[in-house]
Amino acid sequence: MTDTTEAAEGTDTLTRLEQEGEIAADYLEGLLDIADLDGDIDMDVEGERALVSIISDAHTRDLQKLVGRDGEVLEALQELTRLAVHRETGDRSRLMLDIAGHRARKREELTELGTKAVEEAKSAGEPVKLRPMTPFERKVVHDAVAAEGLRSESEGEEPNRCVVVLP
């Protein structure tokens, strides 16, 4: 491939992900209106994924209703938003939704958990099995383990699938 072809494909991907973000933002704006909740929509592109966040200065407690216990409502809203994008574009979306900074905080906690598991695996010389996690949580831990130079794998069946850090 030539550099210009790669650049054009990169631009096409960016444009497609920005379009996903716009569709998601419209869908979520409608949802916020129906629920009579205040929030601003922030869009970004990270890696191969559109990132959409609902943020609020004042009523973070109201937005917590959209996060739910352990992010259950957030996960469901993310899937509904992905379906809305799929309906418009015909393409499967890997869009990531965050509400009131929940995923950002979760990512920090999980990165720290992955780092501690790496230290434990190195010092004990044995695999370290973590608690069951969602696909998002496992991905963050796998990334943290890889950044520390070790390998990890998922084992088990949903909803009890967990990460094992290998020494």
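When side chains are defined from C-beta on, Arg49 does not count as touching Leu95, because their heavy atoms never get closer than 4.5 Å. Inter-residue side-chain proximity for Val128 and Val164 is flagged as unmet; no heavy-atom pair is nearer than 4.5 Å. Side-chain contact between Pro132 and Arg161 is absent, with no heavy atoms from C-beta onward closer than 4.5 Å. The closest side-chain heavy-atom distance from Leu28 to Thr81 is below 4.5 Å.
One N or O on the side chain of Asp98 and one on the backbone of His102 form a donor-acceptor pair closer than 3.5 Å. Judged purely by atom type and a 3.5 angstrom limit, Glu148 has no side-chain atom pairing as donor or acceptor with the backbone of Val118. Counting only distance, with no hydrogens or angles, the side chain of Asp40 and the backbone of Ser56 share no donor-acceptor pair below 3.5 Å. Between the side chain of Arg138 and the main chain of Met133, a donor-acceptor pair closer than 3.5 Å is present.
When the options Leu110, Val145, Thr134 are evaluated for a side-chain contact (heavy atoms from CB on, under 4.5 Å) with Val140, the one that passes is Leu110.
To the nearest 0.5 angstrom, Gln78 atom CD is 8.5 Å from Phe136 atom CZ.
A salt bridge links Glu153 with Arg151; the closest basic N to acidic carboxylate O contact falls under 4.0 Å. Between Arg103 and Glu137 there is no salt bridge, since no side-chain N of the basic residue sits under 4.0 Å from a carboxylate O of the acidic one. Ionic pairing of Glu20 and Arg16 is present here: one or more N-O contacts between side-chain nitrogen and carboxylate oxygen are shorter than 4.0 angstrom. Under 4.0 Å is where a charged nitrogen must lie from a carboxylate oxygen, and between Lys122 and Glu119 no such pair does. Between Glu120 and Lys116 no salt bridge is recorded (no basic side-chain N to carboxylate O distance below 4.0 Å).
Ser152 and His142 share a side-chain donor-acceptor pair at under 3.5 Å.
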